[in-house]
Amino acid sequence: MENANLSRTSASSGSRAKASTDQADGTNIIVIGTGPVGIRAARMLKGQNPSHNILVFGEEATTPYNRVQLSLYLYGEVSRDALNLPTKSELEDDIRYHFGKKIVVIDKENRLIIDQHGQSYLYDKLILATGSKAVFPDLRGKTLTNTFTFRTLEDTDNLLARKKHGHGVYIIGSGPLGIEAAIGMKTRDNRVYLQARNYLLDPSLDKKAQEILGDSLQTAGIYVIEGDNTENILGSEHVIGVELSSGRIIECDTVIFCTGVTANKALAESAGLATNRGILVNDVMQTSDPHIYAVGECSEHGGKTYGLVTPGFEQVTAMSTHVAGNALPYTGSNTNIKLKFGSQSSALIGNVIDANCETVVYANRLKGIYRKLFLINQALVGYIYIGNWAELSQLQQAHVSATRIKAKNLEQFEQTGFLWDDPKPTHIKDQPEEYIVCLCENVTRGTLTKAMESGNRTIDSLCSATNAGVTCGSCKPLLAEMLDAPTQNLVMRHYKSIYWYSILAIALMVTTVMLNPIGIGESSQVNWQLEKLWFDNFWKQVSGYSLLLLSLLAAGISIRKRWKKLNVGHLDDWRYVHSIIGVIALVMLMIHTGMRLGHNMNFVLMVVFLAATLTGSLVGVFMARNHHWTDLKLREHRAWWSRVHYTLLWMLPALLSYHILAVYYF
């Protein structure tokens, strides 16, 4: 407080003429905040009037970066360089950026600000884009070593360093940031726990949607803890675990807080600006001082604060229009939420909270699909989906134009999950030129096509040329589709073991087919005890019934996806067990048959068994290596082989039963 008082004294004792003359003649505009919203404000103001003298101050020493894509950086989908926000263009050559300079005083009377070094700067208009900060729950142990937040680039770099060494990661908070942190911290060797206090992703999701999203997270290797809140973080110096309200102890060495944010309003409060949850603003984003505006997460409009970047961009438009002498009142924003991990995507788009909306739902937990439409007078005003949806491009157009959906289409949707007769996805290149690909930057398909024709043939260059994908990054799969670029796949647990078990199974199958069958009198080179396994009736029965049991177990594992009571453990662990059973069953087959292919129905049985082994092994190889391969058709190949494998697998118990019946009764 002493330093702040000294700065105030220094400011009030001088005059505007004694402040820094860093600005040239013209309207002096200062932006405090170097996040996406602050940079957008500076660029838009400069674009509207190149004569503006604009200074931008950022507390962080790093150049501006895209905070929205930090989760993709943590996950490994984007590089550090890709996070950088452009700060220069033909219109911005004289915007002056001051990084690593914290503003500590706003002097409203003299219309100047003071940084931490005591330097003062004049303004005619001041834009506050100070964002928000993480909120910590009141938990014992929250300051132990290896407790983290996930808000800044520094936070993310710390998490990336910890990701290499942590074995148990516990995340408190299950909103979008918590889920993104869980996905980003997951490796094939660690365990990640996500503590969901009241809901997953957003309270707008109903129980069925929560269950389906939870299933998707479990498939991605995330253990979701529901209805059992965190009481304490355990450890003396370092985190060793957490204690839940039930008394359960979870061993972990890393805790990440994603428990919400609060507006950075301290600077505004010290200046005497009106605040509540955030800095209070009117419809043109003016604060209680008409020379000062607030935009983004630090502002409060109509009793609401927004923790998303898109509302901040919309507020910047209203603010910059007013600074230019016009009026384009801000009326509030939809809190669109988009979440993507691997090939899975989920979103809440548009108006999904209005109690007056009519809703239509399609849900299929087996397929991991949830879709909900929100309509007013049959016009589409919002939608929620979990899982991929082939109609998303059509749905987006219907939502933007508030298209009225016919009753027969809604009936079809309830039955099939599709609104239109042809659910096949329309390639992005087939969309009309005015189709909006990047909602954040309002970039159309036509703009992207022109940029590609100008030589921008990589995702990075296409983003740089059009600004598409530089904000939240959720449109990058569409950019990849425009470029016919491949996308990376998720890493599977036990992928090395499953890969080598699959290779071993293929080798054993080839051995069974290629080597000469063992006959009586040909086994003198083999221990006579082993000969009993091939020719003694008792041991033939043991190997035969063992083979039947193993086949039933292997086939039964597929029920795990379909029977809720068996939906325990991680799916990759079940796949691992399935691959082991497959190899043991193949060895048992070699023992039981002496590598003879048989005749008639026995031959059919052998062919089906070996075909099931081959297709299952190919699926195992595909799944084990899919994080190395980026073939756009890979998923389709794997799905086709999986269907063939399961069909053959379920034929085996019937054929084996017939074989046993034939041996005993014919």
Side-chain angles (χ1 to χ4, degrees), residues 31 33-50 52 54 56 58 62-73 77-93 95 97 127 129 131 153 295-297 308-321 328 333 336 338 340 349 393 396 400 428-429 431-483 485:
V31 178
T34 53
V37 173
I39 297 300
R40 170 66 70 92
R43 295 175 66 188
M44 186 167 287
L45 288 166
K46 191 66 176 178
Q48 286 183 340
N49 190 339
H52 286 326
I54 299 177
V56 181
T62 57
T63 55
Y65 60 88
N66 192 337
R67 303 174 195 275
V68 183
Q69 292 196 24
L70 288 177
S71 58
L72 298 179
Y73 176 46
E77 284 193 0
V78 301
S79 66
R80 169 63 185 90
D81 291 341
L83 294 177
N84 293 331
L85 289 174
T87 57
K88 294 289 182 183
S89 72
E90 292 180 0
L91 294 173
E92 298 178 285
D93 286 340
I95 291 180
Y97 294 91
I127 318 300
L153 178 60
V295 290
E297 296 178 19
L308 302 169
V309 71
T310 302
F313 286 172
E314 294 170 353
Q315 292 170 359
V316 166
T317 300
M319 174 274 298
S320 60
T321 303
L328 183 64
S333 299
N336 293 345
K338 295 181 180 180
K340 187 176 187 299
I349 304 296
S393 58
Q396 178 188 317
V400 170
I428 188 63
K429 293 180 181 178
Q431 296 290 354
E433 286 196 356
E434 63 273 14
Y435 177 77
I436 299 175
V437 177
C438 177
L439 293 173
C440 297
E441 298 286 342
N442 203 38
V443 180
T444 64
R445 197 277 297 166
T447 301
L448 291 169
T449 300
K450 290 178 181 177
M452 290 169 60
E453 290 173 350
S454 299
N456 297 287
R457 304 298 304 182
T458 67
I459 290 181
D460 288 343
S461 66
L462 196 59
C463 289
S464 297
T466 64
N467 281 334
V470 301
T471 302
C472 76
S474 62
C475 64
K476 282 192 174 180
L478 293 178
L479 302 184
E481 191 176 330
M482 284 284 293
L483 295 164

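Everything quoted here is computed from the prediction, not taken from an experiment.
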Check your understanding: What distance separates L308 CG from N336 CG, expressed to the nearest 0.5 Å?
Key -> 8.0 Å
Point to revise | Heavy-atom closest contact (P36 atom, V309 atom, distance) | key: CB-CG2, 3.9 Å
Check your understanding: Judged by atom type as modelled, is there a donor-acceptor pair below 3.5 Å linking the side chain of Q315 to the main-chain atoms of G296?
Key -> yes
Practice item. Quick one: closest heavy-atom pair of A41 and I127, and the distance? Key: CB-CG2, 4.4 Å
Review point. Do T466 and K450 have side-chain heavy atoms sitting under 4.5 Å apart?
Key: no
Point to revise | N467 side chain near C438 side chain, heavy-atom distance below 4.5 Å | key: no
Practice item. Could you go through the side chain to side chain contact (heavy atoms under 4.5 Å, CB included) check for H52 and I95 one step at a time? Key: CA-CA 9 Å; H52 286 326; I95 291 180; over 6 Å; no
Study note, to complete from the structure: On a heavy-atom basis, the closest approach of A468 and C463 is O-SG, 3.0 Å
**Study point:** Heavy-atom check, side chain of R80 versus side chain of L153, under 4.5 Å
**Key:** yes
Check your understanding: CZ of R43 to CD1 of I54: how many Å apart, nearest 0.5 Å?
Key -> 11.5 Å
Check your understanding: Looking only at heavy atoms, which two atoms of G58 and T34 are closest? And how far apart?
Key -> CA-CG2, 3.6 Å
Revision key, fill the gap. Sorted by chain and residue number, the side chain to side chain donor-acceptor pair (under 3.5 Å) partners of T444 (sequence neighbours excluded) come out as T447
Practice item. Looking only at non-hydrogen atoms, find the nearest pair between V56 and G33 and report the distance. Key: CG1-O, 3.8 Å
Review point. Do Y65 and L70 come close enough that some side-chain heavy atom pair is under 4.5 Å?
Key: yes
Check your understanding: Rounded to the nearest 0.5 Å, what separation is found between the CG atom of L462 and the CE atom of M452?
Key -> 6.5 Å
Check your understanding: What do the steps show when you test E77 against Q69 for side chain to side chain contact (heavy atoms under 4.5 Å, CB included), and what is the final call?
Key -> CA-CA 9 Å; E77 284 193 0; Q69 292 196 24; over 6 Å; no
**Study point:** From CG (L72) to OG (S79), nearest 0.5 Å
**Key:** 11.0 Å
Check your understanding: Any side-chain heavy atom of Q396 sitting closer than 4.5 Å to one from I436?
Key -> yes
